[in-house]
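Values reported hereafter were calculated over all heavy atoms of this structure, with side chains retained and with hydrogens, waters and symmetry mates removed. Reminder, nothing fancy here: chain letters follow the sequence lines and each chain counts from 1.
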Amino acid sequence: MGEGRQYWLMKSEPDVFSIDDLARSPNHTTSWNGVRNYQARNFMRAMKLGDQVLFYHSNANPPSVVGIAEVVKIAYPDATQFDPQDPHFDPASKPEQPRWDVVDIRFVHKFETSLSLDVLRGQPRLKGMELLRRGSRLSVQPVRAAEWNQVVRLGRGRADG
DNA sequence: GCCAACGTTGGC
DNA sequence: GCCAACGTTGGC
């Protein structure tokens with residue numbers, strides 16, 4: 001069988017959908033729709049039940065990792081791609097062969113302290129993190145186990161990092 | 001609001 | 001298949 005639990009990071013603009021919105025959602029769960037980038041989609045397709053997700057607020061002040069979610073439903077077609085009224089409508093995607101997927105994620109935990117990019121950049125152990133790469137725009141990205149552990153340790157209370 | 005870094009599109 | 005033009009993301 002495959003490896004164990006894997007780790008990911010997903011970006012959302014808090015003005016559009018914040019971690020508090022996730023916590024307030026029915027069953028604390030939402031479908032992650034609107035992804036229209038193939039690399040990000042492929043990462044979602046690789047997600048398994050129970051995979052853990054860092055929830056990141058982009059276009060925020062400051063941009064920060066704010067908590068944890070988990071995958072509760074694996075990839076399935078994104079309904080918004082077929083809805084002409086939806087901003088994410090994709091006229092080229094056919095229902096027989098959907099181009100875009102979602103996964104469902106559920107709220108797990110909100111950090112006591114949000115971890116800004118500045119704070120994360122100050123962590124030598126996070127040097128190779130995709131999020132911190134200059135020009136990194138991927139809205140769904142993998143996180144290494146060591147990076148996950150470090151970020152969560154920071155989020156649980158920044159006493160000694 | 002600026003702009004760097006990408007991704008996509010379309011002419012050729 | 002190249003590449004210029006254009007659109008988007010997202011930090012600053």
**Message:** Looking at A:Tyr56, I'd like to know whether one of its side-chain N or O atoms comes within less than 4.0 Å of OP1 or OP2 on C:dT9.
**Reply:** no
**Request:** Figure out the CG/P separation between A:Leu138 and C:dT8, and round it to whole Å.
**Result:** 18 Å
**Complete:** Rounded to whole Å, CZ of A:Arg134 lies from P of C:dC12 at a distance of 10 Å
**Item:** Heavy atoms from other residues, nucleotides or ligands near CG of A:Leu138 exceed 12 (cutoff 6.0 Å)
**Value:** yes
**Fill in**
Between CD of A:Gln39 and C1' of C:dT8 the distance, given in whole Å, is 15 Å
**Asked** How long is the line joining OH of A:Tyr38 and P of B:dT8, in whole Å?
**Response** 7 Å
**Request:** Mind checking A:Arg133 for me? I need base, sugar-phosphate or nothing, with any heavy atom below 4.0 Å counting as a touch.
**Result:** sugar-phosphate
**Message:** Whole angstroms only, please: what is the CG-P distance between A:Leu131 and C:dT9?
**Reply:** 17 Å
**Asked** Roughly how many Å is it from CG in A:Asn42 to P in B:dG7, rounded to a whole number?
**Response** 13 Å
**Prompt:** Picking from A:Gln123, A:Met129, A:Arg125, what satisfies side chain to side chain contact (heavy atoms under 4.5 Å, CB included) with A:Val151?
**Reply:** A:Met129
**Fill in**
Taken to the nearest whole Å, CG/A:Asn37 to P/B:dT8 is 6 Å
**Prompt:** OP1 or OP2 of C:dT9 less than 4.0 angstrom from a side-chain nitrogen or oxygen of A:Lys11, does that happen here?
**Reply:** no
**Message:** Looking at C:dC12, I'd like to know if its phosphate oxygens (OP1 or OP2) sit under 4.0 Å from a side-chain N or O belonging to A:Arg121.
**Reply:** yes
**Message:** Please report whether the ring centroid of A:Phe107 lies less than 6.0 Å from that of A:His109.
**Reply:** no
**Prompt:** Quick one: A:Arg137 CZ to C:dG7 C1', roughly how many Å, whole number?
**Reply:** 9 Å
**Prompt:** Any ion pair linking A:Arg99 and A:Asp90 (charged N to carboxylate O, less than 4.0 Å)?
**Reply:** yes
